[in-house]
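Structure first, then comments.
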Amino acid sequence: MTDTAAEEILADVRRGVGRILVNRPRALNALTTDMVVALDRVLAEWEHTPLSAVVLASTGAKAFCAGGDIRTIREHSLAGDAEASERFFASEYRLNARIAEYPVPFVSLIDGLCMGGGLGLSVHGAFRVVTERAVLAMPETGIGFFPDVGSSYFLPRLPGAIGMYLGLTGSRLDAADALYTGLGTHFVPADGLDAVVDALADAPGEPVDAVLNRLAGRSPVARSGLAAVRGDLDWAFGAATLGEIEKRLRHLDTAWADSALAALEAASPQSLEITHALLMLGRQRTLRECLDAELALTRTTIRTPDFLEGVRAALVDKDRTPTWRRARLAGRPQPS
């Protein structure tokens, strides 16, 4: 572990509960290769340590983890350093698989932003606690990439067509939406998160579910906004093609449909096509098959003009006005 990784990934064991803190708050806990490797190494070592649970959290209130350090991946692509990018994605996906198969209960405390790689750290574990400040999203189509970290496995397994909607539009979920979709499993107020490790340590033989439910108290979380549009969402995003999804959204002519359509029109056409195909196939694949397919796609996608342009617009120049290589929706004419 490098000195930097040792500062950014803090780990200890408290009365039989492993605790890991992601500690890169100024970068919203965006993951670097060293951080991913350090996390994986800690979990590998703890597989041989008697633990009742592992708890993953962050040291800052703004973000649990805002994703991978995708700006650095763009720099690798511009420099022609494919090996460095491969090392990041292969390490990250290996970590995702380890979390999914971990031998003791894995509990993530999601407070603040949880996007992209942050969902990869949390959703594969059995317990995902959200606070009133939680914001979850897979926003990759807006930067010329695609939802990865096993998204092609877990998004298609969400109720109805919610996974397709989230993957294509990058829509943000609050705590109520996270609990409604199942991406979040429990609610605990932000000011109660510090009690989770001790509560688990105090009840090593009790189901984790029962311990977390005790900490929840009365939830201040409002009713899910997605629940209110669920019928329209399933009908529109359950269509077999991107063109038909757009057609159905236009037919609905509601504020929610207009917002979803605007998100599709702002996204990379290439990314939408990759994402739609991945999610359509994901339901019939295992997690490891999904991760393998995603890794193969990273090798080509991160070298494309849309990826370089999307990351530039979102994270480098921050002008939020990417120029995609071509148009897409519903048979629109292609630029010459």
Side-chain angles (χ1 to χ4, degrees), residues 30-33 36 66-93 96 115-117 119-120 137-153 155 163-164 166-171 241-243 245-246 262-282 285 289-336:
L31 297 170
T32 64
T33 302
V36 169
D69 191 350
I70 208 74
R71 180 172 177 168
T72 297
I73 298 301
R74 178 181 185 268
E75 292 171 0
H76 293 330
S77 294
L78 291 172
D81 192 351
E83 183 179 346
S85 295
E86 177 84 7
R87 190 161 56 249
F88 171 77
F89 288 115
S91 299
E92 185 180 30
Y93 299 173
N96 299 150
M115 298 186 177
L119 277 170
M138 294 299 299
E140 287 79 6
T141 60
I143 59 167
F145 196 51
F146 60 89
D148 64 330
V149 295
S151 288
S152 58
Y153 179 81
L155 287 180
M164 186 64 75
L166 297 179
L168 292 176
T169 65
S171 179
T241 66
L242 285 168
I245 289 172
E246 182 209 7
L264 293 179
E265 291 178 330
S268 156
Q270 168 186 276
S271 295
L272 292 176
E273 291 168 0
I274 292 172
T275 299
H276 186 266
L278 261 182
L279 298 187
M280 291 291 283
L281 288 169
R285 289 172 167 167
E289 287 172 338
C290 286
L291 290 169
D292 287 345
E294 292 168 13
L295 182 59
L297 277 169
T298 65
R299 296 173 183 136
T300 53
T301 305
I302 62 173
R303 298 199 301 269
T304 62
D306 269 18
F307 175 78
L308 299 176
E309 170 66 4
V311 178
R312 178 207 64 76
L315 301 175
V316 181
D317 297 334
K318 300 182 181 180
D319 55 36
R320 304 288 176 179
T321 56
T323 302
W324 306 123
R325 179 56 62 95
R326 57 189 174 83
R328 179 199 59 83
L329 291 177
R332 299 251 178 106
Q334 304 297 308
S336 56

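The backbone N or O of Trp324 sits nowhere less than 3.5 Å from a side-chain atom of Glu309 that would complete a donor-acceptor pair. Under a 3.5 Å cut-off, the side chain of Thr298 and the backbone N or O of Leu295 do form a donor-acceptor pair. Between the side chain of Arg71 and the backbone N or O of Leu315, at least one donor-acceptor pair lies under 3.5 Å. Within the 3.5 Å criterion, the main-chain N or O of Ile70 finds no donor-acceptor partner in the side chain of Arg74. In this structure a side-chain-to-backbone donor-acceptor pair under 3.5 Å is present from Thr304 to Thr301. Proximity of a side-chain donor or acceptor of Thr141 to a complementary backbone N or O of Ser268 within less than 3.5 Å is not detected.
For the atom pair CZ of Arg312 and CZ of Phe307, the computed distance is 13.5 Å after rounding to the nearest 0.5 Å. Considering CG of Leu31 and OG of Ser91, their distance stands at 11.5 Å, rounded to 0.5 Å.
Under 3.5 Å, the side chains of Ser152 and Glu294 contain a donor-acceptor pair of N or O atoms.
Pro147 and Gly167 get closest at one heavy-atom pair: CG-O, 3.6 Å. Here the closest non-hydrogen pair linking Ser77 and Ile302 is OG-O, 2.8 Å. Pairing each heavy atom of Ala137 with each of Ser171, the nearest pair is CB-O, 3.7 Å. Here the closest heavy-atom approach between residue Gly282 and residue Cys290 is recorded as O-SG, 3.9 Å.
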- Message: Please determine whether side chain to side chain donor-acceptor pair (under 3.5 Å) holds for the pair Asp319 and Thr321, giving the CA-CA distance in whole Å, both sets of side-chain angles, and the decisive distance to 0.1 Å.
- Response: CA-CA 5 Å; Asp319 55 36; Thr321 56; 3.1 Å; yes
- Given Thr32 and Thr72, is the side chain to side chain contact (heavy atoms under 4.5 Å, CB included) satisfied, shown in steps? CA-CA 8 Å; Thr32 64; Thr72 297; over 6 Å; no
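Checked for salt-bridge contact, Arg325 and Asp306 miss the test: no charged N lies under 4.0 Å from a carboxylate O.
Counting only heavy atoms from C-beta outward, the side chains of Phe145 and Val311 never approach each other to under 4.5 Å.
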